[in-house]
Amino acid sequence: GAVQVFWSTPEADHESQLTRSDITSTVHYIAFSLAETEAEAFADSVVTLDIDHPEYRHSAVLSESFKESILSDWS
């Protein structure tokens, strides 16, 4: 199927604590805003999380159990 890309945003309360000039936080809290049809596509797709930063790139496929946990949180 078609690839859909959704960009995350840092949680507002956490954003100010993400990075200092000499270090970055170990944990980053992010949020996604998905319409109902996008959430349905999420449920029926292979989902990857991709980091696209000039100094660090990585991609990971979400396990089915992880996806199920997210879907449970949404319901």
Side-chain angles (χ1 to χ4, degrees):
V3 172
Q4 293 185 332
V5 175
F6 303 100
W7 296 97
S8 67
T9 55
E11 288 186 352
D13 292 341
H14 183 68
E15 185 173 16
S16 66
Q17 302 170 20
L18 285 179
T19 305
R20 299 190 314 252
S21 63
D22 60 335
I23 193 167
T24 188
S25 175
T26 302
V27 176
H28 294 265
Y29 297 93
I30 57 175
F32 295 87
S33 296
L34 279 67
E36 187 173 336
T37 55
E38 295 167 336
E40 290 169 359
F42 174 95
D44 296 330
S45 301
V46 172
V47 177
T48 63
L49 292 179
D50 298 301
I51 298 170
D52 184 19
H53 185 278
E55 295 185 33
Y56 184 81
R57 297 191 192 284
H58 187 76
S59 181
V61 176
L62 264 58
S63 68
E64 283 301 312
S65 61
F66 197 126
K67 244 177 58 173
E68 295 291 326
S69 174
I70 292 170
L71 293 168
S72 175
D73 288 345
W74 289 347
S75 59

**Study point:** Side-chain heavy atoms of I70 within contact of V47, under 4.5 Å
**Key:** no
Review point. Around atom CZ of F66, are there more than 12 heavy atoms of other residues, nucleotides or ligands at under 6.0 Å?
Key: no
Revision key, fill the gap. Separation between CD1 (I51) and NE2 (H58), nearest 0.5 Å, reads 6.5 Å
Practice item. Treating Ile, Leu, Val, Met, Phe, Trp and Tyr as nodes and any side-chain heavy-atom pair under 4.5 angstrom as an edge, say whether V61 and L71 lie in one connected cluster. Key: no
Practice item. Among residues two or more places apart or on two chains, list those pairs meeting side-chain hydrogen bond (donor to acceptor under 3.5 Å, both in side chains) that have a residue in residues 32-46. Key: none
Check your understanding: Excluding sequence neighbours, so at least two apart, what forms side chain to side chain contact (heavy atoms under 4.5 Å, CB included) with S59?
Key -> T48, D50
Point to revise | Side chains of W74 and F42 in contact at under 4.5 Å (non-hydrogen atoms) | key: yes
